[in-house]
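These notes are about the structure you will find just below.
Letters A, B, ... are given to chains in the order of the sequence lines, protein chains preceding strands, and every chain is numbered from 1. Reckoned from all heavy atoms, side chains included, excluding hydrogens, waters and symmetry mates.
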Amino acid sequence: MSQSATSRPVYRSPFDLPREEYLAPGHSLCAGCVAGMIVRHLLKVAGPNTIVVTATGCVEVSTTLYPYTSWRIPWIHVAFENAASVASGIEAAIKVLQRKGVIDPNKRINVIALAGDGGTYDIGFQALSGLLERGHKVLYVLYDNEAYMNTGIQRSGGTPLFAWTTTTPVGKVWKGKWQQKKPIAEIVAAHRIPYVATANPAYFIDMVNKFRKGLEVDGPAFIHVIQPCPTGWRFDPRYSIKVAKLATETAMWINWEIENGEFRVTVPVPKRKHVKHYLRMQGRFRHLTDKEIEEIQRFIDREVEYINKRLGKEVIGPLVE
Amino acid sequence: MQEVKWRRLPLNSNYAVAYAVKDCDVDVIAAYPITPQTTVVEKLSEFIANGELDAEMIHVESEHSALSAAIGAAAVGARTFTATAAQGLELMHEMLHIASGLRLPIVMTIATRALSAPISIWCDYSDLMNTRDASWITLIASSAQEVYDSVIQAYRIAEDPRVLLPVMVAYDGFIMSHTYEPVYVAENPEVIREFVPRRKTWLTLDPDKPITLGPIANPDWYYEIKYQQVVAMEEAYKVIKEVDEEFGRRFGRSYGVIEKYRIEDADIVLLTYGGLFGTVREAIDAMRKRGINVGGLRLRLWRPFPAEEIIESVKGKKLVIVLDRAISYGARIAGPVALELMSTMYRMSEKPEVLSVVVGIGQRTVTEEDIAEITALGMKYLEEKRVPNQTIYWGVRA
């Protein structure tokens, strides 16, 4: 049904992005927070003819403290669990109002839903599935900091195995979260929508080109972005991008996309690092024993095998360090 | 100005809603099926399917999403509609407060239904009464014609720049939603659209003029923003009356905020709302024939509460019997409207006695005989000077 053909050029370097800023500085996101960077570049790609719906969460509370706002484009927040439903309403309204001539029918308005892991994996999951099934032309961007950071680091469906959070504390009995992270992007992909991708801000050009594609397809698009959180993951704010990069270098985070059914790994990793390099940088994994780290490594090895098998070639290489 | 041409159709209240929504040229409908509301959306789907209404139907996956989508649509300037009942209304409760807080002129109809558990599909007003403090203007109709007219009025009220609050139009589930009455609908809906013209009266999400809608407000601002809703409700009270009067001048039907029936010389007043008022009127006629000085009062507007009109109407009466079809559990006066009436009357120097009676819970049948017996009981209490300061649960096997 769609082509990703392209009013926007492919981005090859940061200089290809517009200079205009649509997320104003002065917001109150934490030092080192990558969410600000994700949103800033998302808006550069989307441009001014864009309406953003943000679920309750870090980005919402940090950018719109009344009477101030960081948003230079029309923006709405309604609640935690319904960014997808609100976006559906906006998209449908634009469609009918353009048909009736109330809104200029030649104007192309992007509709973006932006939510964290709590608002997507957990409380907003039903609304998201509804949007995908109905096929609204909405780009849904998930910024995943792997816990309820806005309320103070509580476990979510996106929290990885063994991670410490304030509701999965490390004690005599509990040793962090005891379940795996929910494979949300694959669940979304199972809805057979035109575009699904995972992205990592450390692979910036890859990320912005995915935003571009997500805005161009004719139907729902979903982009799952990893967002290292110095506050909740317990690392020095200056290392946010380093941590993000290690996530991909260890294959804890694989950058892939499914465009009209075709699966691709967009950032191949020929030589893979051991997960300990990623885990040991973060206080939330400080309690892990070597045995537990090996358990995570085995899980990642299986994931890598699955991806390579799916592609029929080795895009994620062997463990070398 | 074009003259309206009426067509007399046999419609139930659900279909009356659908005709009104079509005649108001609504842009976006987001709804989820729930008995007894469902046929509203079925009829609207037919209208869209047949090209009689140009609207987007969002087949949402829940009522929470229905109102969420309506909020999104209204936020970009669309005329929006949704309908629900009971559990659906409860599921969207969170969104009720946000729709009004964002000051979006959404119109919703409620085919009222008892709340689970135990699950019941039948009528009472426990769903509607739970929305009392959500800052929605709430009209309760008592005939299919009034439902049609009220939905049209609702868009005028909601979109009035002095108001900008969402409006609910409620009516009895099944008792009205599924029973047919003759209803005059416009054969030339342009006339209705003239009455509810498309006006951009509220701030919308427009890329040419970006705004931030739904920010976070801390203690230094939250209160002021919520107080604006208090003011809007006060303004709404005037606008509701204005719109109803204008509707009356234009189309020959108006309802006021309360309806009075034979109360001028009455000593005893039966106060209720919704379709039950039809039974009450019949009962009054029968009792009048037996020489009982009784009249009726119907609450058409629940929020904002028509305090002045109510006080005027009950002044000098001996007894007001309030028939509520909802229970505020644990309250001594457990009928929500009885409670409201008593607090409204508190400052009256000479006030009538009030008897709070709960009837029709889960659509337990209320007959004219019940009304007559309740009235007789009230008169006995009055005579013996012992009108109880607590609710009577009529007809319960306890």
query: Who pairs with W71(A) by ring-ring contact (aromatic ring centres under 6.0 Å, His included), at least two apart in sequence or on another chain?
result: W75(A)
query: Side chains of H136(A) and I58(B): does their closest heavy-atom pair fall under 4.5 Å?
result: yes
field: Note, S88(A) side chain near V60(B) side chain (heavy atom, < 4.5 Å)
entry: no
query: Contact part of E81(A) toward chain B, heavy-atom cut-off under 4.5 Å: side chain, backbone, both or neither?
result: side chain
- line: Whatever's closer than 4.5 Å to a heavy atom in chain A on I225(B) counts as side chain
message: As an exercise: rank I51(A), V78(A), N49(A) by heavy-atom pairs under 4.5 Å with chain B and give me the winner.
response: V78(A)
query: Hey, what do you get for CD1 (I103(A)) to CG (D206(B)), rounding to the nearest 0.5 Å?
result: 7.5 Å
task: Could you check M57(B), E56(B), R79(B) and say which one makes a side chain to side chain contact (heavy atoms under 4.5 Å, CB included) with V96(A)?
output: E56(B)
- line: OG1 (T64(A)) and CG (L213(B)) are apart, to the nearest 0.5 Å, by 10.5 Å
- prompt: Quick check: are there more than 12 heavy atoms from other residues, nucleotides or ligands sitting under 6.0 Å from CG of L91(B)?
  reply: yes
field: Best-contacting candidate, I211(B), D54(B), T80(B), I71(B), against chain A by heavy atom pairs under 4.5 angstrom
entry: D54(B)
- request: Find the distance between OG1 (T212(B)) and OH (Y66(A)) and round it off to the nearest 0.5 Å.
  value: 11.0 Å
query: Checking L97(A) against chain B: side chain, backbone, both or neither under 4.5 Å from a heavy atom?
result: side chain
query: Roughly how far, to the nearest 0.5 Å, is the CG atom of D208(B) from the CG atom of D104(A)?
result: 9.0 Å
field: Residue V102(A) versus chain B: region with a heavy atom under 4.5 Å
entry: side chain
Test side chain to side chain contact (heavy atoms under 4.5 Å, CB included) applied to S85(A) and M95(B), E61(B), H64(B), the passing residue: E61(B)
- prompt: Mind checking what makes side chain to side chain donor-acceptor pair (under 3.5 Å) contact with S240(A), not counting sequence neighbours?
  reply: none
Partner of L205(B) by side chain to side chain contact (heavy atoms under 4.5 Å, CB included), out of T50(A), V111(A), I90(A): I90(A)
- prompt: Do D25(B) and K100(A) touch side chain to side chain, with heavy atoms closer than 4.5 Å?
  reply: yes
